[in-house]
Amino acid sequence: AGGLDQAIDRAFKPIADTFGGFVFTTVPVGDFDIPFVLILLVFGAAFFTVAFGFINIRLIPFAIQVVSGKYDALEKEGESVPEKVAVQEVDGDLVDTIRDEGEGEVSHFQALATAVSGTVGLGNIAGVAVAIATGGPGATFWMIVCGLLGMSTKFVECTLGVKYRDVDEDGTVYGGPMHYLKKGLAEIGLEPLGKAFGVIFAVLCIGGSFGGGNAFQANQAAQQIKSLATD
């Protein structure tokens, strides 16, 4: 009974429930049962915040200066990429994205725009609505606190991504957690573990892109259209 969407939901629900139960395993803390993943993320972010001297707040002005292009001239010094070209593509790069740089394929602002495009919607709109509906208005305060602390975690992730990235001879950049997990753990003699973590991250990232990055947002859009058509 039901349509194709309900059939798919019934097929994947046991898998989702099992995996969700594992990820959100609770730990008794006083009178509350708190998911371990929440403790790991919040305390990890708090540790990075303190260890780096509240870098998530202290360097906000500098971050704004970087993405606004204040330091682009320093990176462009000595480079010779043409400012105007008569074709739409040069050496495999779209003209509109070409910039003078030492290493890297996008500008600071382009990197920021890409990161924001993958965040706004699922995390900042749908996620907030679900959190408030579930936990009440007070959830907003804790989301702000966790968001500020999470900026330190993001700083660490991006720093590791840049430190351990690979750059091909043609300038193509390869980086991300799958690279710094493998290389970073290899430096302390845990290369097999790093490779395993890298593969796990890549597989889960693919799953997240289909589930959270596509299916959830498509479902929310369809629900809105359905509700409007019904009204």
Visitor: Would you say K183's side chain and Y164's backbone share a donor-acceptor pair under 3.5 angstrom?
Guide: yes
Visitor: Would a hydrophobic clustering, with Ile, Leu, Val, Met, Phe, Trp and Tyr connected at side-chain separations under 4.5 Å, put V66 with F155?
Guide: yes
Visitor: Minimum heavy-atom separation for G198 to M178, with atom names?
Guide: O-CB, 3.8 Å
Visitor: Can you confirm whether more than 12 heavy atoms, excluding those of F197, are under 6.0 Å from its CZ atom?
Guide: no
Visitor: Determine, using the 4.5 Å side-chain heavy-atom cutoff (strictly less than), whether I132 and I144 are members of one ILVMFWY cluster.
Guide: no
Visitor: Show every donor-acceptor pair shorter than 3.5 Å between a side-chain atom in residues 34-62 and any protein atom, with sequence neighbours excluded, or say none if there are none.
Guide:
from, atom 1, to, atom 2, distance (Å)
T49, OG1, A45, O, 2.8
T49, OG1, S152, OG, 2.8
N56, ND2, L148, O, 2.7
R58, NE, G53, O, 3.0
R58, NH2, F52, O, 2.8

Visitor: Taking all non-hydrogen atoms of both residues into account, name the closest pair between A131 and M143 and its distance.
Guide: CB-SD, 3.8 Å
Visitor: Same cluster for F141 and L149 if Ile/Leu/Val/Met/Phe/Trp/Tyr side chains link at under 4.5 Å?
Guide: yes
Visitor: Can you run down the side chain to side chain donor-acceptor pair (under 3.5 Å) pairs that involve residues 18-34, sequence neighbours left out, and say none if there aren't any?
Guide: none
Visitor: Starting at CZ of F201, measure out to OH of Y180 and round the result to the nearest 0.5 Å.
Guide: 6.5 Å
Visitor: If Ile, Leu, Val, Met, Phe, Trp and Tyr residues are connected whenever their side-chain heavy atoms lie under 4.5 Å apart, and connections chain through other members, are V23 and I200 in the same group?
Guide: yes
Visitor: Is I64 reachable from M151 through a run of hydrophobic residues whose side-chain heavy atoms are each under 4.5 Å from the next?
Guide: yes
